[in-house]
Amino acid sequence: MLLIYFISVFCGVRAAIYYDSYSGSTITAERVKQHDKANTTFWCVNEIEPCDPNEGRRVDGSCNNLQYPSRGASHTPFARALPPVFSANFEPKKAADGSDLPLARFLRTSLVSVGRIPSQMFTALAIHDFVFMSADIVSLHDTVNYIVWKPYCCAERGKTDYMCVPNQIPPDDPVHRFSGQRCLNMTRPETFQTIGCIKNNTSPERIVSSTPLLDLSVIYGNALQSLLRRGRLFEGGMLKFEEENGRIWPPKYPTNGHLICLSNQRPQETRCHLMPEDGGNTLGGINLMSIWFWRHHNFIAKNLAAVNPCWTDDKLFETARDINIAVALQIYYYELLPVFFGYDNMVKDGVITPTGGFRDVYDPNVMPQVSLEYPFVLRWVHTIQNGLIKMYDKDGYYMKQVPVVNLTLRTGYFALDDNLDLMTQGSFRQGSDNVDYTADFDITEIGLGPQQYLSDLMTSDLAKNRLFGFQPYVKYREFCFGNKVKSFDDLHGSIDPERIEILKDVYKSVEDIDLLAAIWVEKPLRGGYAPPTFYCLVIDQLRRNMVSDRHWYERPNRPNAFTAAQLAEIRKATIARLLCDVGDTVTRIQPRAFLKAGYNNQMCNCNEINGINYAAWKDATCEVESFWSKFVY
Ligand SMILES: *[C@@H]1O[C@H](CO)[C@@H](O)[C@H](O)[C@H]1NC(C)=O
Ligand SMILES: *[C@@H]1O[C@H](CO)[C@@H](O)[C@H](O)[C@H]1NC(C)=O
Ligand SMILES: *[C@@H]1O[C@H](CO)[C@@H](O)[C@H](O)[C@H]1NC(C)=O
Ligand SMILES: *[C@@H]1O[C@H](CO)[C@@H](O)[C@H](O)[C@H]1NC(C)=O
């Protein structure tokens, strides 16, 4: 046994292949040594075990594309819907007349009003799922960079640091003309160039630590070692867990914990999730979703073990993980996005199937990548994020509230008193913010809560739009809808006249309009509640996911594919059922929980809400075994 172990470890080490994370081509051990010396191996090199075409989805995303094994792994480049444009030295492009574009903060205050107007339609839970699904494919380092590593961007020292790109606040700013504050901290997004993987005289290419696939990275991490060490219980296919005051949690960092939960109010708040990655501790909504999907894994594993007593821990774990990922995708594609995009629009554009059954659009020539535009336009959701987390008891009585920005990096709060129960109840009772061209004042002024004196998340979003070199809005309109916009007047029909007038006031030329600025003011698409260009760029990526992911859950012929009967069960997954199964004190909920309860969506008892029947995973070989075991014992 020991011998076999040594041989396999030895062979494994010898067989691993090194790839350049940027180009995706193999590199020599010599080149890897150079990276070791420069301490750039972590970012610039992917070390990958040889691919086995019959293997399931790897945690590190490698071997998704058998031709290009490193594509799909972390630290690999984004795709682009449209190629980037920059001015000299890859600095943000200028206006059409060669002048600087208007300040990002000025555009934000001009184009987006500020207020807190609760939606009567969407719940806070919808926003939680949005941010959770974005967290799957991005990483936190670009924010940590200016809060922790380079906290001087607004100070004198920031002026000479290439990485510092603070946002100027104009003297007549509607809020800060009174405060005297003139600067918002920000750093450049890290790129393959800033990390030192490729030469600086090449087009900046963003680098993140998540895998580009929608594969629940927040739960399972981006590296196998980390999942084995921090995640797996190695019993019953489960993830590690802890019980505290009758509630089930992911394991926690040892007391006095970890840097990531830096907003924990000690001594009473100590909990900080010890997951394969730290992402579950970041934003309030992500934290809730992480707790639920963590528990959901174990819920699935227990159900599988009940129907298949002969399955090993490995088999249970991998199947539970595969189902958990499929459930997250099913809820995202078939439940969350349709409420904003319109179900019929998504069917028409081929992103969801109205008839169920398998779908196979896999094309190995399309690399498993995320377009850089996708996580970026998702930031439109900042406009519909309510600044408060409202808490309710299980009978729907309002109890208390906390600003959502205060919960960032503060897992300890969730474990205090019965906060988790009350927040869970609140998630499907409280509204998101309205879709109405207004953003919550916490999002636009103190978006990072106690971590930063001032923070306008939407100003940062817009400023990053430029650092990524996105083409002007009019080019994306052409990409999405084929029509050329040559003058401000051509925007009629897409944008309300009053907002066109503001655009005319703030931009000199229609070609100067930033992608995100226009998305903020576009009229919602027909049959939905989201800006059409946002829709287009999200749909573009949703399609890329299905086409480029060899392990896409709707495929009939991927390794360990679901049977037709199993896929039919996956299609029953809803966020309401998930909360009934793993949410604290949830016994009643509305069936479509991304929408507020009401006419046609009345709260009902959990036992009236359909769910997955795990009997579809019944493995006949277990029965044969147990039949014979009667004779043996
Ligand atoms: C080497 O890189 C790692 C990962 O980026 C970093 O955590 C570490 O501090 C670096 N070490 C040195 C000596 O720079
Ligand atoms: C590119 O420039 C940045 C910032 O000056 C520097 O940190 C980085 O090491 C450079 N990269 C290369 C490959 O020279
Ligand atoms: C939220 O954080 C701010 C500091 O950023 C603090 O002043 C305020 O009291 C906090 N609110 C709650 C309800 O915890
Ligand atoms: C910028 O960051 C520094 C260091 O964290 C902080 O002291 C300062 O208040 C920040 N500026 C603003 C406007 O938040």
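Counting convention: from 1, in listed order, for ligands and their atoms alike.
E511 pairs by the salt bridge (charged side-chain N to carboxylate O under 4.0 Å, His left out) definition with nothing, not counting sequence neighbours.
Identified under the ring pair (Phe, Tyr, Trp, His ring centres under 6.0 Å) test for residues 92-126, with sequence neighbours left out: F122-F340, F122-Y529. For residues 418-441, no pair satisfies ring pair (Phe, Tyr, Trp, His ring centres under 6.0 Å), with sequence neighbours left out.
For ligand 4, the 4.0 Å heavy-atom shell takes in P151, Q181, C183, N185, Q452, Y453, L454, ordered by chain and residue number.
Between C153 and C183, the gamma sulfurs sit at a distance of 2.5 angstrom or greater.
Looking at R247 and E244, no side-chain N of the basic residue comes within less than 4.0 Å of a carboxylate O on the acidic one, giving no salt bridge. For R206 and D142, the salt-bridge test passes: some basic side-chain N is under 4.0 Å from an acidic carboxylate O.
For ligand 3, the polar-atom distance check finds no N/O of Q401 at less than 3.5 Å from any of the ligand's N/O atoms.
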